[in-house]
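These numbers come from a predicted model, not from an experiment.
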Amino acid sequence: QMEWDTGYMCRALEGLPVIKGNRIRVALLGPHAVSFNVTGTFPGKVVLIHSDTIIEIENPGRPQEVTDRITYQDIGGLHTEIQRIREMIELPLVYPEIFERVGIHPPNGVLLYGPPGTGKTLIARAVASETDAHFIAVNGPEIIHKFYGESEAKLRSVFEQAAGMTPSIIFIDEIDAIAPKRSEVSGEVEKRVVGQLLALMDGLKKRRHVVVIGATNIPDSIDPALRRPGRFDREISINVPNKEGREEILKVHTKNMPLAKDVDLARIAEITHGFVGADLEALCREAGMTAVREIMPEKKFCKTIPDGKLRVLEVRMEHFTCAME
Ligand code: ATP
């Protein structure tokens, strides 16, 4: 039986702003989590969960094994970026009637750009799971096939699949590979694929509930026709995190680690200038591995690990320092 009660929930959710309709996930020990829908708050607006907040749980669900469900809580930093994404993608997907009422077309495409490892894919996955939308991820270079017409057919099938399972999000990673500037490429395949992508994006105008998110490290190499209104007309830059962002990312990646009291995440954030999310994740993993190596010093693997050794296993500040090296 999983141990969880409202006191545990309050501690896990402290500082989280919620509003009716949100879906929140509480991580339990081990690879389990339990999800809740916020059915109401008092006062009836956005509330901030505090240590004194009273939480009532109706019909508690069963803890689920966490597979790859990613929520906004798994993203460190990037608050403004997430806010903008939520306005542009989540709002139109969840409440299309608001846009109809104002008489405007919600965006069909959003381009995320920024250096590798800053969390572009992570954000797209979080939006999909938070909106319960069907998520189709495609990798730009994988679309390109050498046989005539095959690349376009692949792209068409992705859009068809998305249209059949609305609400849906098509995530095209490394979109620069399939939409390079037509004036600068010599390959016929690339030119045809860009043309097909433009046509499919235009076709989306008639459809609601399908949003395309493109991600790239080199936005300037994308065909300008794709960045016109009605296509990828919104762009969000995902930047390298600052000190506060780095600390939040470290918190995300150490949340399931038995951290020793001496671990100072703020200090680690201070000395990791220039690290992106993927680097910080690697740093945490390496620190964890260093701690593991310590309890297995003889370089030989025994079948069972003495219970005592497991219980004292901690990740200390020196493991992080060592990992940095
Ligand atoms: P690329 O341009 O190479 O595709 P990307 O920007 O899409 O990179 P992701 O794939 O989202 O980067 O990030 C790689 C990994 O780094 C993620 O799985 C995640 O674990 C970690 N990561 C990156 N940014 C963050 C963040 N802001 N918060 C928490 N983890 C992060």
Side-chain angles (χ1 to χ4, degrees), residues 1-5 7-16 24-34 49 51 63-79 116-119 121-123 125-126 240-325:
Q1 275 297 323
M2 294 291 145
E3 280 283 321
W4 59 273
D5 55 28
Y8 176 82
M9 288 244 330
C10 280
R11 280 193 301 283
L13 300 175
E14 221 178 302
L16 184 77
I24 50 179
R25 191 186 80 183
V26 182
L28 304 170
L29 281 180
H32 288 84
V34 59
I49 298 180
S51 52
Q64 301 282 327
E65 185 121 10
V66 179
T67 44
D68 60 349
R69 195 182 146 80
I70 289 168
T71 67
Y72 296 127
Q73 287 160 266
D74 298 311
I75 306 176
L78 302 176
H79 300 284
T118 42
T121 315
L122 197 66
I123 289 191
R125 285 197 171 278
V240 174
N242 60 11
K243 187 161 78 64
E244 287 73 35
R246 291 196 295 275
E247 186 174 343
E248 283 184 28
I249 298 173
L250 286 166
K251 278 190 189 145
V252 168
H253 289 288
T254 52
K255 70 171 186 278
N256 292 325
M257 272 188 184
L259 288 186
K261 287 215 169 59
D262 74 332
V263 175
D264 184 352
L265 295 182
R267 174 75 193 131
I268 302 172
E270 230 166 64
I271 55 173
T272 43
H273 182 90
F275 278 46
V276 294
D279 300 327
L280 293 167
E281 184 191 13
L283 177 74
C284 296
R285 196 184 318 121
E286 194 51 42
M289 280 311 296
T290 317
V292 169
R293 268 182 226 123
E294 209 175 67
I295 66 158
M296 296 275 200
E298 298 92 17
K299 287 200 174 121
K300 59 176 186 208
F301 295 102
C302 32
K303 283 226 172 71
T304 51
I305 303 160
D307 203 29
K309 270 196 172 180
L310 257 190
R311 232 175 296 127
V312 296
L313 180 61
E314 270 188 336
V315 185
R316 296 191 302 276
M317 190 66 174
E318 61 183 298
H319 296 137
F320 280 92
T321 327
C322 184
M324 282 281 285
E325 279 162 26

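- Closest non-hydrogen pair, Ile249 versus Pro241, comes out as CD1-CG, 3.9 Å.
- When the side chain to side chain contact (heavy atoms under 4.5 Å, CB included) test is applied to Ile271, the partners found at least two apart in sequence or on another chain are Arg267, Met324.
- Across all non-hydrogen atoms, the minimal contact from Val276 to Pro116 is CG2-O, 3.7 Å.
- For the pair Lys255/Asp74, a side-chain contact is recorded, criterion being any heavy-atom separation below 4.5 Å from C-beta on.
- A distance of 12.0 Å separates CG in Leu265 from NE2 in His253, rounded to the nearest 0.5 Å.
- For the pair Val252 and Ile75, the tightest heavy-atom approach, listed with the atom from each and the gap, is CG2-C, 4.2 Å.
- Smallest separation of non-hydrogen atoms from Leu13 and Ile49: O-CB, 3.6 Å.
- Here the CD atom belonging to Glu281 is positioned 12.0 Å from the OG1 atom belonging to Thr254, to the nearest 0.5 angstrom.
- A distance of 11.0 Å separates CG of Asp264 from CG of Leu259, quoted to the nearest 0.5 Å.
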Show me, pair by pair, the donor-acceptor contacts under 3.5 angstrom made by side chains of residues 314-322, not counting sequence neighbours?
| from | atom 1 | to | atom 2 | distance (Å) |
| --- | --- | --- | --- | --- |
| Arg316 | NE | Glu318 | OE2 | 2.9 |
| Arg316 | NH1 | Glu294 | OE1 | 3.4 |
| Arg316 | NH2 | Glu294 | OE1 | 3.1 |
| Arg316 | NH2 | Glu294 | OE2 | 3.0 |
| Arg316 | NH2 | Glu318 | OE2 | 3.1 |
| His319 | ND1 | Arg316 | N | 2.8 |
| His319 | NE2 | Glu294 | OE2 | 3.1 |
| Thr321 | OG1 | Met317 | O | 2.9 |

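- Atoms CG and OG1, from Leu122 and Thr71 in turn, are 9.5 Å apart once rounded to the nearest 0.5 Å.
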Worksheet entry | Full working for salt bridge (charged side-chain N to carboxylate O under 4.0 Å, His left out) between Lys251 and Glu247 | CA-CA 6 Å; Lys251 278 190 189 145; Glu247 186 174 343; 3.8 Å; yes
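- Ile123 CD1 to Leu78 CG: the interatomic distance, rounded to the nearest 0.5 Å, is 5.0 Å.
- The two atoms that bring Gly274 and Asp279 nearest to each other are O-OD2, 4.2 Å, heavy atoms only.
- For the residue pair Arg285 and Met257, the shortest heavy atom distance occurs at N-CE, 4.5 Å.
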